[in-house]
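Along the sequence shown, residues carry numbers from 1.
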Amino acid sequence: MPNISLSFKRPKADLAMLELLALEYPNVDAAIAETARLAAVQTLPKSAVHVISDIHGEDKKLQHVINNASGTLRPVVEEMFAGRMNAQEMAEFLKLTFYPAEVTARLRQTLTHPEDVLAYATRTLQPQLELLRYLVSNYSLRLATRLFPAEYSELLLELLHSPSTERGPEFIGAMLEELVKRGRALHLIHLVGRLIRNLAVDELIIGGDCWDRGPRGDKVVEYLRLQPNVEFIWGNHDVLWMGAALGHEALICTVLRVSLRYRRIGQLDEGYSIPLTPLEHLARTVYADDPAQYFMPKSNGMRPNDVVARMQKAAAIMQFKLEGQLLERNPQWNLEHRRLLHRIDHSRGTIEIDGITYDLRDKLFPTIDPADPYRLTAEELSCLAVMKHSFLSSQKLQQQIRFMVGHGSMYLRRDECLIFHGCVPVDATGTFLPLSVDGQLLAGRELFESIETIVRRAVVNAAEPDLDFLWYLWSGPRSPLFGKDRIATFERDFIQDKNSHRETKDPYFTLIHEVEFCDKVLAEFGMSSEGGLIVNGHVPVKVEKGESPLKRSGKAITIDGAFSEAYGDYGYTLVLEPNRIVLAEHHHFESVDAAVRDGIDIVPNVKEIKVFDKPRSQRDTERGQRIRYRLEMLERLIEAYQTNRLHEHAKRSSFNSIPS
C-alpha cells in the first residue's frame, strides 16, 4: 500500500513549491538523474526559431512557407541525399516532405495493389527515417518524442534504431508488411512526413497581423493552431479582430468595412458563420439610391459590385458614428479632433479638418442627422444588433481569439532578438512617450506589459473601458501596434485632396536607423546592446523599390515583406539558427495543388544578417535560462531530501503494460 503521509515533516513556506516538484522527482536519485539530463541538454545546438510577420490572410502561402520550413528543409535534403537520389526522386521526396497528407492521399488512389504499397513504403521510409534521425539529434529525446504521434510513438522509436547490426532489413520489413496488411503503411509515411516538418522548426513566432487584405484570415489562424509550438506577437489587425469578437461595435463595423473593401467575405460567412444579410438589407434599402462609387471593392465576386460598395459605405458610416461616441467617453486620449461627423457642412458639401476646409467628393449621408450626427438610426441599430450577435456567437472565432491571446504577448526575446510588432512610441528626441493605462501613465517596457494585462482582462470580462482600449491599440497615435498620428479612413473615402490622407509616422521609424537609439530600446527591454537586434513588422518593406529590411544602424530589421498579394506578394521569414541569423525572402505562391502536382516550391532568397563566432547551444537561449532556473530548484529539492526535510518515495514506472 502506498505511503500517503505528508511529504514533509514540519510545514515550512519554502517547502510548498518543492513538494510540487517532488511529485515528479520523488527521491534523490530521480532528481540527480534529471540534473544530469538537463546538464547534457544545455550542450545541444540551439533549435531553429522562425519569425513570420504580417500574413494578412494569405493562408495558402503561409501553409507552404511553414511546410517547407521557409526554404530551410530543401538544402538539408539536397545535401543529405546528393548522389543517392536523381532529380526526379529528389523532387518526389521533397513533395512528400512538404505535403505528406496531400501526397499520400493521391497515392491511395494510384497504389491499388498491396505489393505496390509495400514497394513504395520500403523505398520511401528509409530516407524519411534518415532525415528524421538527423532532426531528432538536435533535440533532447524527451522534447522530440513529445511531438511523436501518440499511437505510433513506440513504433517510431524502434524504427529510429534500425537498421543496426542486430536489426537487419527484415526488422523494418516485418513492420511494413503488417502495416500494409492493415492498410496503414501510407498513414505511417504521412505521420513521419509531418513529424519531419514539425521538427525542422522548433518554434514559430508570428509577428502580428493574421487577418485582413488576404482572402482567409480564419484559415491562417486555424492552420497556426495546428503547429506544435507557436507564439503570437499581437499586431493592430489582431486586436481589431479581438475587439470585434468580443462585441465592440466600432471594431465590428471596422472588420466589416475592411472585409468588404477587399471582398474577403468568405472568411466571415463561410469561415466564421457570420452572415452579412442584415448589412446587405441595410444597403439595399437605406442606401438603395446611393451610387457609392468611391467604395467599390478591389475585386469581383458573386455579389454585384454596387451592392458590396453600398454595404461597405453603410459599415463605414456606422464605424465613424461609433468612433465618435467612444472618443467622447474617453477624453483622456485627447482625440476630440478625430470626431469628424459634426464638422461636415451638409449645405456646402464640405468638412473642416485641423482648421482646413475640404470639399467632399461624396455628399450623400442618408443616415446622418446633422443635429445629432453620431446617433445610429433605427435601421442601423437593428442591423448592428444582429451582426454583433453573430460575432459573439461564432464558436470558431471565439476559439481562435482565445488561442491567440493565450499564446500571445506584446513582445518576445529570442536569441539576442527583441521582437515586437510596431514601435515603441517616442518623441523626436527618442524619449519614450507615456500612455494612460488604468489611470497610470506608462511608457516603454512598462507600457507593453500593462497592455498584456488589459488584453487578457478584456477577453475574460469584456468590460467597455477595456474594449475601448482595444480600439485605441488598433489605431491610436500612442499605440505601440499602430505608430501613426491618425488613421485617415474618412479622408481617403470622402475627400479627393490627398493632402488630407497624410498619416504621420511615429519618430521611432526614423530613429531606428541610429545605433544609440536602438541601444536605448534594447536596454529598456533587458537586452544587451552588444549583438542585440530589434525585429519589427507592421510597415511593409518596399522590396520592388530596392528598400532594405535591415536599417542603417545594423541593429534593427523590418520583416513585413508585403506577404499579402494586396501589398506586394513577397514576405520574409527571419530564421534564427545555431550559427547565424538569416532573412529568407519569399515570392508569389501559385497553389497547394500546383505544389503537389508539379512540385512548385517557393525557394527564397537568403541573406545573412548575422554570423556568430561559434554556434550557439541551448544554454545560450531563453530555453537554457529556463533550464538553469529548473536546475536551481532541483538542487534545492536534493538538499531537502538529503537534510531529511522532505520524505523520499519510490518513483513509479510509467510503463504499465507487459514488457516485450
Participant: Ion pair present between E416 and K610, side-chain N to carboxylate O less than 4.0 angstrom?
Facilitator: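 The answer is yes: the pair qualifies as a salt bridge.
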
Participant: Could you tell me whether a side-chain N or O of E452 sits under 3.5 Å from a main-chain N or O of M410, the two making a donor and an acceptor?
Facilitator: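 Between the backbone of M410 and the side chain of E452 there is a qualifying donor-acceptor contact (under 3.5 Å).
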
Participant: Please step through salt bridge (Lys or Arg N to Asp or Glu O under 4.0 Å) for the pair E178 and K181, ending with a clear verdict.
Facilitator: CA-CA 5 Å; E178 184 66 20; K181 184 171 71 175; 3.4 Å; yes

Participant: Hey, are R414 and E203 close enough for a salt bridge, meaning a charged N less than 4.0 Å from a carboxylate O?
Facilitator: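 Yes, R414 and E203 are salt-bridged.
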
Participant: Are any side-chain N or O atoms of W211 and backbone N or O atoms of V221, one a donor and one an acceptor, separated by less than 3.5 Å?
Facilitator: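 Looks like no, no N/O pair under 3.5 Å.
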
Participant: Are the side chain of S137 and the backbone N or O of Y134 linked by a donor-acceptor pair below 3.5 Å?
Facilitator: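 Yes, the answer is positive, given that a donor and an acceptor are paired below the 3.5 Å cut-off.
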
Participant: Identify whether the distance between the nearest side-chain nitrogen and carboxylate oxygen of E79 and R74 falls below 4.0 Å.
Facilitator: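 No.
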
Participant: For a quick test of reading the model, state the closest non-hydrogen atom pair linking V575 to H50 and the distance between them.
Facilitator: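 It is CG1-NE2, 3.4 Å.
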
Participant: Run the numbers on R142 and V41 for side chain to side chain contact (heavy atoms under 4.5 Å, CB included), then give the verdict.
Facilitator: CA-CA 10 Å; R142 178 183 296 178; V41 168; over 6 Å; no

Participant: Flag the pair V28 / Q642 as yes when at least one side-chain heavy-atom distance between them is below 4.5 Å, and no otherwise.
Facilitator: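 V28 vs Q642: side chains touch.
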
Participant: Give a yes or no answer on whether the side chain of R413 reaches the backbone of F525 with a donor-acceptor pair at less than 3.5 Å.
Facilitator: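 Side chain of R413 to backbone of F525: a pair is present.
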
Participant: What do you reckon, is CZ of R456 surrounded by more than 12 foreign heavy atoms closer than 6.0 Å?
Facilitator: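 Above 12, so yes.
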
Participant: Under the criterion side chain to side chain contact (heavy atoms under 4.5 Å, CB included), I'd like the reasoning laid out for N579 against V611: C-alpha separation, chi angles, the key distance, then a yes or no.
Facilitator: CA-CA 6 Å; N579 61 328; V611 178; 5.8 Å; no

Participant: For D212 and H237, what are the C-alpha separation, side-chain angles and deciding distance, and is it a side chain to side chain donor-acceptor pair (under 3.5 Å)?
Facilitator: CA-CA 7 Å; D212 296 329; H237 286 266; 2.7 Å; yes

Participant: Return the minimal non-hydrogen interatomic distance between R133 and L159, and the atom names on each side.
Facilitator: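 Nearest pair, atom of R133 first, then L159: NH2-O, 3.5 Å.
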
Participant: Between E130 and R84, does any side-chain N to carboxylate O distance fall below 4.0 Å?
Facilitator: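 Counted as a salt bridge, because a side-chain N and a carboxylate O are separated by less than 4.0 Å.
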
Participant: Knowing that exactly one of V541, I609, N536, V535 qualifies, which makes a side-chain contact (heavy atoms from CB on, under 4.5 Å) with P549?
Facilitator: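 Between P549 and the candidates, side-chain contact (heavy atoms from CB on, under 4.5 Å) is satisfied uniquely by V541.
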
Participant: Between CD of E151 and CG of L191, what distance do you get to the nearest 0.5 Å?
Facilitator: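 Answer for the CD-CG pair, E151 versus L191, is 8.5 Å.
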
Participant: What's the spacing between L129 CG and H161 NE2 if we round to 0.5 Å?
Facilitator: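 Between atom CG of L129 and atom NE2 of H161 there are 12.0 Å.
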
Participant: In Å and rounded to the nearest 0.5 Å, what is the CG to CG distance from L135 to L195?
Facilitator: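 Answer for the CG-CG pair, L135 versus L195, is 8.5 Å.
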
Participant: Locate the shortest heavy-atom distance separating I189 from A121; write the atom from each residue and the value.
Facilitator: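 Taking every non-hydrogen atom into account, CD1-CA, 3.6 Å.
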
Participant: Please test R264 against Q267 for side chain to side chain donor-acceptor pair (under 3.5 Å), starting from the C-alpha separation and ending with a verdict.
Facilitator: CA-CA 6 Å; R264 305 313 189 187; Q267 67 183 351; over 6 Å; no

Participant: Decide yes or no for Y120 and T122: does some side-chain heavy atom of the first lie under 4.5 Å from some side-chain heavy atom of the second?
Facilitator: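 Side-chain contact under 4.5 Å: no.
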
Participant: Taking the six-membered ring of F612 as reference, does the cationic atom of R616 (NZ for Lys, CZ for Arg) lie under 6.0 Å from its centre and within 45° of its axis?
Facilitator: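 Yes, a cation-pi geometry.
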
Participant: Using the salt bridge (Lys or Arg N to Asp or Glu O under 4.0 Å) rule, take R182 and E177 through it: C-alpha gap first, then chi angles, then the decisive distance, then the call.
Facilitator: CA-CA 9 Å; R182 305 289 182 179; E177 287 177 5; over 6 Å; no

Participant: Treating H407 as the side-chain partner and F403 as the backbone partner, does any N or O pair qualify as donor plus acceptor under 3.5 Å?
Facilitator: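 Present.
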
Participant: I need the N86 CG to E92 CD distance, nearest 0.5 Å.
Facilitator: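 Result: 10.0 Å between the selected atoms.
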
Participant: Evaluate side chain to side chain donor-acceptor pair (under 3.5 Å) for W234 paired with D209, printing each intermediate quantity in order.
Facilitator: CA-CA 7 Å; W234 302 320; D209 286 359; over 6 Å; no

Participant: What do the steps show when you test K60 against R216 for side chain to side chain contact (heavy atoms under 4.5 Å, CB included), and what is the final call?
Facilitator: CA-CA 9 Å; K60 293 186 174 76; R216 296 298 295 264; over 6 Å; no

Participant: Measuring from L155:CG to L179:CG, what's the distance to the nearest 0.5 Å?
Facilitator: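 Rounded to the nearest 0.5 Å, the CG-CG separation comes out at 6.0 Å.
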
Participant: Give a yes or no answer on whether the side chain of T97 reaches the backbone of F93 with a donor-acceptor pair at less than 3.5 Å.
Facilitator: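 Answer holds: yes.
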
Participant: Are Q63 and Y99 close enough that some pair of their side-chain heavy atoms sits under 4.5 Å apart?
Facilitator: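 Contact flag for Q63/Y99 side chains = yes.
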
Participant: Hey, does D218 have a side-chain heavy atom less than 4.5 Å from the side chain of K396?
Facilitator: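 Of all side-chain heavy-atom pairs linking D218 with K396, at least one is under 4.5 Å.
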
Participant: Nearest 0.5 angstrom please: R645 CZ to R636 CZ, how far?
Facilitator: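 CZ of R636 is found 8.0 Å from CZ of R645.
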
Participant: Go through it in stages, so that I can follow the logic: the residues are Y641 and H647, the test is ring pair (Phe, Tyr, Trp, His ring centres under 6.0 Å), and I'd like the CA-CA distance, side-chain angles, deciding distance and then a yes or no.
Facilitator: CA-CA 7 Å; Y641 285 142; H647 288 298; 9.6 Å; no

Participant: Just by modelled atom types, is the D415 backbone N or O under 3.5 Å from a matching donor or acceptor in the E622 side chain?
Facilitator: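 Present.
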
Participant: State whether the side chain of N67 and the backbone N or O of F98 hold a donor-acceptor pair below 3.5 Å, judged by distance alone.
Facilitator: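 Yes, N67 side chain to F98 backbone: donor-acceptor pair under 3.5 Å.
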
Participant: Any side-chain to backbone donor/acceptor pair from D238 onto G235? Under 3.5 Å, distance only.
Facilitator: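 The answer is yes, because a donor-acceptor pair under 3.5 Å joins these two groups.
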
Participant: Flag the pair E222 and K219 as a salt bridge only when some basic side-chain nitrogen lies within less than 4.0 angstrom of an acidic carboxylate oxygen.
Facilitator: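 Between K219 and E222 there is no salt bridge, as every charged N stays at least 4.0 Å from the carboxylate O atoms.
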
Participant: Might you point out which heavy atoms bring Y139 and A144 nearest each other, and give the distance in Å?
Facilitator: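 Scanning both residues completely, I find the closest heavy atoms to be CB-CB, 3.9 Å.
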
Participant: Looking only at heavy atoms, which two atoms of Q128 and I196 are closest? And how far apart?
Facilitator: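 Closest approach of Q128 to I196, heavy atoms only: O-CD1, 3.6 Å.
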
Participant: Using a cut-off of 6.0 Å, state whether more than 12 heavy atoms not belonging to Q395 lie near its atom CD.
Facilitator: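 Atom CD in Q395 is not crowded, with 12 or fewer foreign heavy atoms closer than 6.0 Å.
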
Participant: To check you understand the geometry: which heavy-atom pair defines the closest contact between C210 and I206, and what is its length?
Facilitator: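 Shortest heavy-atom contact: SG-CG2, 4.0 Å.
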
Participant: With a 3.5 Å distance limit and no angle check, can you tell me whether Q227 reaches the backbone of L224 through a side-chain donor-acceptor pair?
Facilitator: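 No, the answer is negative, given that no donor and acceptor are paired below the 3.5 Å cut-off.
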
Participant: In plain terms, say whether D202 and K46 are close enough for a salt bridge, that is, a side-chain N and a carboxylate O under 4.0 Å apart.
Facilitator: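 Salt bridge between D202 and K46, a charged N being under 4.0 Å from a carboxylate O: no.
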
Participant: Between E89 and K95 (salt bridge meaning N to carboxylate O under 4.0 Å), is one present in this structure?
Facilitator: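 Here E89 does not pair with K95 in a salt bridge, since their nearest N and O are not under 4.0 Å apart.
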
Participant: Taking the side chain as every heavy atom from C-beta outward, state whether L199 and L147 have any pair of such atoms under 4.5 Å apart.
Facilitator: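 Touching, per the 4.5 Å side-chain cut-off.
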
Participant: Can you tell if the side chain of N68 reaches within under 4.5 Å of the side chain of L94, non-hydrogen atoms only?
Facilitator: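 In short, these two side chains do not touch, never coming nearer than 4.5 Å.
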
Participant: Start with the C-alpha distance between Y411 and H421, add both sets of side-chain angles, then the distance that settles ring pair (Phe, Tyr, Trp, His ring centres under 6.0 Å), and finish with yes or no.
Facilitator: CA-CA 8 Å; Y411 74 96; H421 178 70; over 10 Å; no

Participant: Is there a side-chain contact between F148 and E154, using heavy atoms and a 4.5 Å cut-off?
Facilitator: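 Contact flag for F148/E154 side chains = no.
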
Participant: Can I559 and T573 be said to form a side chain to side chain contact (heavy atoms under 4.5 Å, CB included), step by step?
Facilitator: CA-CA 7 Å; I559 61 168; T573 301; over 6 Å; no

Participant: Considering only heavy atoms from C-beta outward, does the side chain of M527 approach that of L533 to under 4.5 Å?
Facilitator: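 Not in contact.
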
